[in-house]
Amino acid sequence: MSEQEPRDFIRQIIHDDLESGKHSEIVTRFPPEPNGYLHIGHVMSICLNFGVAAETGGRTFLRLDDTNPGKESPEYVDAIKRDVHWLGFDWEDRLTHASDYFGQLHDSAVRLIELGVAYVDSLSAEEIREHRGTLTEPGTNSPFRDRSVEENLDLFRRMHAGEFGDGEHVLRAKIDMASPNMNMRDPAVYRIRHIPHQNAGDEWCIYPMYDFAHGLSDAYEGITHSLCTLEFEDHRPLYDWFLDQLQPEHRPRQIEFSRLNLAYAITSKRKLSALVEEGIVNGWDDPRMPTIAGMRRRGYPPAAMREFVKRAGVTKKDKLIEMGALETCVRDTLGDVAERRMAVLRPLKVVLTNYPEGQVETMEAMNHPANPEMGTREMPFSRELWIEQDDFMEEAPRKFFRLKPGGEVRLRFGYIIKCDEVIKNDAGEVVELRCSYDPDTRSGTGSSDRKVKGTIHWVSCEHAIDATVRLYDRLFTEANPNAASDFHSVLNPNSLETISARLEPALGELAAGQAVQFERLGYFCADEKDDADEARVINRIVTLRDSWAKLEKQAMQKQG
RNA sequence: UGGGGCGUAGCCAAGCGGUAAGGCAUCGGGUUUUGAUCCCGUGUAUCGCAGGUUCGAAUCCUGCCGCCCCAGCCA
């Protein structure tokens, strides 16, 4: 018997509803409006909705909540479908649109009028706002509130027939203009919009509002639990009110949970599109974007995203989760499966003075240190090599166990070498190291047990592949850029660094979308758009944990 | 000064009247031809505050404080 994982409050409700027999099957829906790209916040909702249904043998609809034409487009619905699939979820034949129900929704609106609980208001939008009152003062009734059922029916029919211009009339629910809940002060139900719809074409010129369409769409689909974020909590009485009036066959229940916010990221659609439009990033799928498309292009595996939201949990408390938590999930899932390779990001030349000129040896390198079954690949070794600039220090602190003048280091899967001479240019910069290798220390041979404190990675100059590598950092300098009055003021100017690197030959065959670990550096993948066989373009997904860098940073801070 | 929510360690989060799980981060240590991984160990948490009920309260009651959301013919 395994321990029961603690249930979040939503799964608890669902569990209870199944146990009590209230429902025999759980049906959920993920209902994005196709007016932008999905982001990290949506990942939570997707995993929750598809997750609870899958766990209980239920079903989930992917419903495009397209009740507001003009803001929505097929480009976004394509992106949404792609992103949900990529995350690992399948709606099978349950792809729907709120617009699929426009006919039923219209009939229900007529029913509301017949019941005497909806009326056509002919006030302007501004007048309606004035009548609404404020948070502390009640609103006042519209002079059109008491129109007869016949007149309302006629007016609504003519709205539908296209006899009026946008904004001339609006259908409103007749509830309570004095309600302390603003949503209950005679909310709009249908408005006139003479623009084509992304799915329904030009069939309609009146469109239902979210509050009216959502609960009924849920009911039509037999949704049992309609899960949404906290800002809709105040809408629940209205959600229930429509269901009370219309008594559909199925009665869905709305439950709210808190959004997931990621530190150093924004999720406002307005700001996200500003980043794109102002050219601050290169598109919605820029690897720095907190969009699903961006994270996919960055190389984050879907399993890591799922694990991340699982660890975050489902509650009603506002969360601002540290970036490190996501990165840990990415490292955790990539660590087991990513093959290891070697690449030098900032090359420094090493010449092995005692290594025969023209000689090339083949070193066997493991593709994964913990999984020998993942095989090996061959790495050419020669007299001239590239090593990382960071792996050499002329005046090194005692705990620095990489290369230093007179010091020794092991070349991973190669030989132990010793630094004999440092070559500098006129500016005094180190441009080359003259080293000697110990022929008895070849990796894997019996006599190779000699220990040195450090092991560094390398690439043979003659055999190296040139590549452009993009190093990404957080887009913002503030943990909560959402709170900044102007997000431009908290942009990280160094969120992208492009460098020219040298790769080991095996990386010539790096497949698109395949993540690899560059040993001692991090996880990388070929960019899905810009990479080509002739010109490699590689993204850094995430660095490895680096306790040496941490020590260095602490030392720097101590010095002031 | 209206209504609706939320407050458990730096960030998440269990807990549902019987004396504070876990994850991430942090800090130690071990293993290691990736300073990675892995493995151990590491937290005086005034359970927002103050009262009350109770043998016993993070859990129940009262009052207060703080934060979030709501005045679209957006979702």
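Numbers restart at 1 for each chain; the letters A, B, ... are given by sequence-line order, proteins then strands.
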How many whole angstroms separate atom [atom1] of [X] from atom [atom2] of [N]?
X: A/Arg340; N: B/rC38; atom1: CZ; atom2: P; value: 11 Å
X: A/Leu262; N: B/rC12; atom1: CG; atom2: C1'; value: 12 Å
X: A/Arg412; N: B/rU37; atom1: CZ; atom2: P; value: 14 Å
X: A/Asn480; N: B/rG10; atom1: CG; atom2: P; value: 18 Å
X: A/Arg442; N: B/rU33; atom1: CZ; atom2: P; value: 18 Å
X: A/Ile10; N: B/rA14; atom1: CD1; atom2: P; value: 11 Å
X: A/Phe401; N: B/rU33; atom1: CZ; atom2: P; value: 12 Å

[N] versus [M] - spacing of their [atom1] atoms, nearest Å:
N: B/rA14; M: B/rA9; atom1: C1'; value: 14 Å
N: B/rG66; M: B/rU8; atom1: C1'; value: 16 Å
N: B/rG23; M: B/rC39; atom1: P; value: 11 Å
N: B/rU31; M: B/rA36; atom1: C1'; value: 13 Å
N: B/rC60; M: B/rU26; atom1: C1'; value: 37 Å
N: B/rG48; M: B/rU59; atom1: C1'; value: 15 Å
N: B/rC70; M: B/rC64; atom1: C1'; value: 24 Å
N: B/rU37; M: B/rA25; atom1: P; value: 9 Å

State whether [X] places a side-chain N or O below 4.0 Å from either non-bridging phosphate oxygen (OP1 or OP2) of [N].
X: A/Lys550; N: B/rG35; result: no
X: A/Lys317; N: B/rA13; result: yes
X: A/Lys310; N: B/rC12; result: no
X: A/Lys316; N: B/rG4; result: no

Just to be sure I understand the rule, does [X] reach a base, reach only the sugar-phosphate, or reach nothing, if contact means heavy atoms closer than 4.0 Å?
X: A/Gln517; result: base
X: A/Pro138; result: nothing
X: A/Gln554; result: sugar-phosphate
X: A/Thr315; result: sugar-phosphate
X: A/Tyr523; result: nothing

Please write out each protein N/O paired with an N/O of nucleotides 22-24 of chain B under 3.5 Å, distance rounded to 0.1 Å.
residue : atom : partner  : partner atom : Å
B/rC24  : O3'  : A/Thr328 : OG1          : 3.2

Secondary-structure stems for RNA chain B, with pairs counted as Watson-Crick or G-U when both distances are under 3.5 Å and runs at least 3 long: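 When the pairs of RNA chain B are grouped into runs of at least three, the stems are B:2-7 with B:65-70, B:10-12 with B:22-24, B:27-30 with B:38-41, B:48-52 with B:60-64.
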Within-4.5 Å side-chain heavy-atom neighbours: A/Val409 and A/Val452: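 Contact flag for A/Val409/A/Val452 side chains = no.
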Per-nucleotide protein contact string for nucleotides 67-75 of chain B (B base, S sugar-phosphate only, - none; heavy atom under 4.0 Å): -SBBBSBBB
Matching residue for A/Asp186 among A/Arg132, A/Arg145, A/Lys174 - test: side chain to side chain donor-acceptor pair (under 3.5 Å):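 The side chain to side chain donor-acceptor pair (under 3.5 Å) with A/Asp186 is passed solely by A/Arg145 among A/Arg132, A/Arg145, A/Lys174.
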